[in-house]
There are 2 protein chains.
Amino acid sequence: MTILAEPPPHTDTLAHNHQQCVDDALKIADQLCTERGVQLTAIRQQVLALIWESHKAVKAYELLDRIKPLQAAAKPATIYRALDFLLAQGLIHRVESLNAFVGCSCSGHQHEQLLLICKQCEQVEERMAAGVMQVLAEEFRQAGFSAHSKAIEVHGLCRRCSQL
Amino acid sequence: MTILAEPPPHTDTLAHNHQQCVDDALKIADQLCTERGVQLTAIRQQVLALIWESHKAVKAYELLDRIKPLQAAAKPATIYRALDFLLAQGLIHRVESLNAFVGCSCSGHQHEQLLLICKQCEQVEERMAAGVMQVLAEEFRQAGFSAHSKAIEVHGLCRRCSQL
DNA sequence: TTGTGGATGTTATAATATAACTGATGGCAC
DNA sequence: GTGCCATCAGTTATATTATAACATCCACAA
């Protein structure tokens with residue numbers, strides 16, 4: 001079983017240039033939406049930017065609080081509609097086990113990912129985990145199951161936090 | 001990569017003797033609780049039995065409605081407390097992506113499982129998926145991640161429903 | 001008896017999410 | 001330009017999921 005190379009994990013907010021993450025995410029979002037002929041409106045972009053403020057998963061009502069300075073009229077529906085859009089475009093992940101949302105760093109790729117959620121620093125690392133997905137596919141074949149979507153969410157301690 | 005043998009899937013309510021599933025589940029629960037010196041009280045047993053009425057994932061408030069004939073005083077806390085107990089004992093799974101609960105057919109085993117959730121018939125098949133878990137473990141090692149819990153929930157069509 | 005711990009009862013409320021209708025905007029066919 | 005349509009956002013209300021906090025009960029042991 002060969003495991004494909006992974007992009008460097010960004011679980012260390014101190015050590016990486018986070019503004020670069022945000023800029024990249026917004027730029028990619030912009031490009032993808034243009035290509036697809038869908039609108040990355042101001043609200044949607046603001047929500048995406050708020051989600052990318054950290055590598056932690058963010059709750060919808062936290063986003064609501066944080067968008068209010070920019071969108072005074074914001075209500076739950078404002079946020080949930082933006083989240084629905086971003087999810088549909090693959091720009092964010094929903095973290096089911098936390099009822100929260102995190103930026104997707106492989107936006108535009110179709111493959112599903114593995115989400116490693118740190119209990120300590122709360123950051124979420126996304127990994128393509130090609131090997132895992134391949135073995136999973138074999139498992140589905142055996143089970144006669146046609147998979148439409150999968151979430152692999154793992155709670156534990158990230159490299160950094162387990163070393164502390 | 002060898003895949004271990006799986007117990008026969010019980011995704012077909014019509015074709016299998018479901019009463020057997022329920023009886024087995026209750027008997028195993030009883031044994032485990034006795035062994036562990038914890039109390040499988042009437043409420044807890046009733047909730048477990050209600051969850052086992054089908055192989056579908058059941059919502060907490062559905063359980064609340066269904067337990068009322070038996071426990072007229074039942075309130076949300078009644079159900080959530082019973083669910084917490086059953087989860088702690090490994091007798092049920094929480095299906096994060098549905099905010100619902102399903103009986104665990106490998107109660108007492110420590111290993112994590114793969115949950116295959118059918119969009120059509122709503123039944124949940126549990127698989128040990130030893131191969132998947134093994135490859136996952138290798139992935140964690142590479143990521144320097146110490147996993148404490150993992151949920152692998154896959155939505156799609158089960159064998160039966162994809163053949164219809 | 002008297003405490004102690006576990007389970008349950010009870011009330012209230014928090015947290016998460018959606019429905020349904022209204023209005024505003026902008027493109028485009030005519 | 002006018003009218004039409006689709007998309008997005010505003011607004012109100014409510015549904016759904018989950019927990020907090022405190023009271024009560026009861027079995028059992030000291």
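Convention: sequence-line order gives letters A, B, ...; per-chain numbering from 1. In what follows, every heavy atom counts, from backbone to side chain, and hydrogens, waters and symmetry copies are set aside. Since the structure is predicted, the reported quantities are computational estimates derived from the model, not experimental observations.
- If you measure from atom CD1 of B:Ile79 to atom C1' of D:dT19, you get 15 Å, rounded to the nearest angstrom.
- When all heavy atoms are compared, the tightest approach of B:Gln120 to B:Leu157 is CB-CD2, 3.6 Å.
- Checked by atom type and distance alone, the side chain of B:Lys59 pairs as donor or acceptor with a backbone atom of B:Leu98 at under 3.5 Å.
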**Asked** Do A:Ser97 and A:Glu153 pass the side-chain hydrogen bond (donor to acceptor under 3.5 Å, both in side chains) test, and can you show the C-alpha distance, the side-chain angles, and the key distance before you say yes or no?
**Response** CA-CA 7 Å; A:Ser97 51; A:Glu153 300 181 4; 2.5 Å; yes
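- Annotation: side chain to side chain donor-acceptor pair (under 3.5 Å) contacts of B:Gln20 (sequence neighbours excluded): B:Asp24.
- In this structure, B:Leu63 places its CG atom 14 Å from C1' of D:dA18, rounding to the nearest Å.
- One can place CZ of A:Arg36 at 17 Å from P of D:dT7, the figure rounded to the nearest angstrom.
- At whole-Å resolution of the value, OH in B:Tyr80 and P in D:dT17 are 7 Å apart.
- Within the structure, every side-chain polar atom (N or O) of A:Lys59 is placed at least 4.0 Å from both OP1 and OP2 of C:dA15.
- Within the 4.0 Å cut-off from OP1 or OP2 of D:dT7, not a single side-chain nitrogen or oxygen of A:Gln39 is found.
- Computed from coordinates, the A:Leu83 CG to D:dC8 C1' distance equals 15 Å when rounded to whole Å.
- In this structure, A:Gln45 places its CD atom 15 Å from P of D:dC8, rounding to the nearest Å.
- Put simply, CD on B:Glu62 is 12 Å from P on D:dA18, counting in whole angstrom units.
- Protein atom CG of B:Leu40 is 11 Å distant from nucleotide atom P of C:dA7, rounded to whole Å.
- At the phosphate of D:dA18, OP1 or OP2 sits under 4.0 Å from a side-chain N or O atom of B:Arg94.
- Residue A:Asn99 places none of its side-chain N or O atoms closer than 4.0 Å to OP1 or OP2 of C:dA15.
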Interface polar pairs with nucleotides 9-14 of chain D, N/O, under 3.5 angstrom:
residue, atom, partner, partner atom, Å
D:dA9, OP1, A:Thr41, OG1, 2.7
D:dG10, N7, A:Arg81, NH2, 2.6
D:dG10, O6, A:Arg81, NH1, 3.1

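- Side-chain polar atoms of A:Lys150 and B:His155 form no donor-acceptor pair below 3.5 angstrom.
- Considering CZ of B:Arg127 and OG of B:Ser105, their distance stands at 11.0 Å, rounded to 0.5 Å.
- Listed here is the closest heavy atom pair of A:Gly103 and A:Ile51: N-CG2, 3.3 Å.
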